[in-house]
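Worksheet for the structure shown next.
Remember, it's 1-based here, ligands and their atoms both numbered in the order they're listed. All heavy atoms count here, side chains included; hydrogens, waters and symmetry mates do not.
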Amino acid sequence: MLRRPLAGLAAAALGRAPSNGMSGPRPVVLSGPSGAGKSTLLKRLLQEHDSIFGFSVSHTTRDPRPGEENGKDYYFVTREVMQRDIAAGDFIEHAEFSGNLYGTSLSQEQRLRQRNTETEESLAKRLAAARADMESKPPLTLPPPSGEEPGLFDLIIVNDSLDKAYWALKEALSEEIKKAQAIGHS
Ligand code: ADP
């Protein structure tokens, strides 16, 4: 599903950070062209592991596409409102992409924190870094595709079979899932 990153979706892994303060739960960012299957895979993951993953709904100034719901897929806002709220410090990260603003509001980050995600600072940093990664190459860059840059993505999944792609996604997240399940059962 990841080749030329054009769009991203984030789901934050939940669960308490270990007491040693080291590698706690972390945001998971799915990035790939529109229609690659990100929402489908994420929906399945959230259905199966509702207590482990939550969805961070981004804000955007772009127009909703058919079927997209305000507050579910994105918060669709005007540029005026978003710029005002960014200036007021209501966003933990934001970026302009293809002529539209995108960002993660503080309230989304607080909502996920209440579900025991990691610290505010590290979550903000990770989200900003993920967005920077997604935008590190302009869309439709000819070879080499940005997804093949070393270190840009933890995993590249080709979604030619939904079951296989979902299995690969779950496999990649298995440590996070096990950690969160262990905490949940302790
Ligand atoms: P994205 O969130 O990346 O824009 P979607 O998850 O909305 O993409 O998927 C776009 C469409 O493709 C949906 O109709 C979905 O059911 C379908 N789809 C997703 N994965 C597959 C797949 N492996 N094979 C065929 N169709 C798929």
Side-chain angles (χ1 to χ4, degrees), residues 1-14 25-77 82 91-105 108-109 111-112 115 117 123 126-149 151-174 176-177:
M1 86 185 143
L2 306 174
R3 279 282 146 179
R4 300 194 172 87
L6 297 177
L9 281 176
L14 302 177
R26 56 202 176 112
V28 178
V29 177
L30 304 188
S31 170
S34 181
K38 302 179 298 294
S39 309
T40 308
L41 288 167
L42 200 52
K43 218 176 278 169
R44 217 158 137 174
L45 188 70
L46 289 169
Q47 263 165 16
E48 194 178 344
H49 293 295
D50 178 45
S51 60
I52 300 176
F53 298 98
F55 183 61
S56 171
V57 182
S58 297
H59 281 61
T60 184
T61 60
R62 80 153 164 78
D63 290 332
R65 296 187 184 126
E68 284 184 332
E69 282 180 44
N70 185 41
K72 192 166 162 246
D73 300 286
Y74 279 100
Y75 292 105
F76 296 99
V77 291
M82 189 145 166
F91 277 79
I92 55 172
E93 60 89 32
H94 66 275
E96 177 131 11
F97 187 60
S98 281
N100 291 301
L101 291 172
Y102 294 82
T104 307
S105 70
Q108 279 299 305
E109 191 248 357
R111 181 179 66 84
L112 292 172
R115 295 179 61 174
T117 51
L123 181 59
R126 285 179 204 268
L127 284 169
R131 191 176 295 286
D133 276 355
M134 288 192 285
E135 285 148 17
S136 66
K137 286 280 168 193
L140 303 180
T141 307
L142 288 171
S146 53
E148 289 175 8
E149 277 175 30
L152 192 56
F153 293 108
D154 294 318
L155 176 70
I156 294 177
I157 299 172
V158 177
N159 182 19
D160 48 3
S161 147
L162 188 58
D163 283 341
K164 272 197 220 158
Y166 184 62
W167 185 86
L169 179 65
K170 265 203 354 185
E171 183 65 17
L173 297 172
S174 64
E176 295 292 332
I177 293 170

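Contacts with ligand 1 closer than 4.0 Å are made by no heavy atom of Ala165, backbone or side chain.
Between Asn159, Asp163, Asp73, Leu41, it is Asn159 that holds the heavy atom closest to atom 22 (C) of ligand 1. Here the shortest heavy-atom distance to atom 8 (O) of ligand 1, taken over Gly32, Gly67, Ser39, Gly37, belongs to Gly37. Of the listed residues (Leu30, Leu42, Thr40, Asp160), the one carrying the non-hydrogen atom nearest atom 15 (C) of ligand 1 is Thr40.
Minimum heavy-atom separation, Lys170 to Ile177: O-CD1, 4.3 Å.
No side-chain N or O of Glu93 forms a donor-acceptor pair with one of Tyr102 less than 3.5 Å apart.
Heavy-atom proximity to Lys38, at under 4.0 Å, picks out these atoms of ligand 1: 1 (P), 2 (O), 3 (O), 4 (O), 6 (O), 8 (O). In summary, the atoms of ligand 1 found under 4.0 Å from a heavy atom of Ser161, numbered by their order in the structure, are 23 (N). Below 4.0 Å from some heavy atom of Leu162 lie the following atoms of ligand 1, by number and element: 20 (N), 23 (N).
Under the 4.0 angstrom criterion for non-hydrogen atoms, Gly35 is in contact with ligand 1.
Between Arg62 and Glu68 there is a salt bridge, since a side-chain N of the basic residue sits under 4.0 Å from a carboxylate O of the acidic one.
Between Phe76 and Tyr74, the ring planes lie tilted relative to each other; the angle falls in the 30° to 60° range. Classification of the His59-Tyr75 ring pair by plane angle, with boundaries at 30° and 60°, yields tilted.
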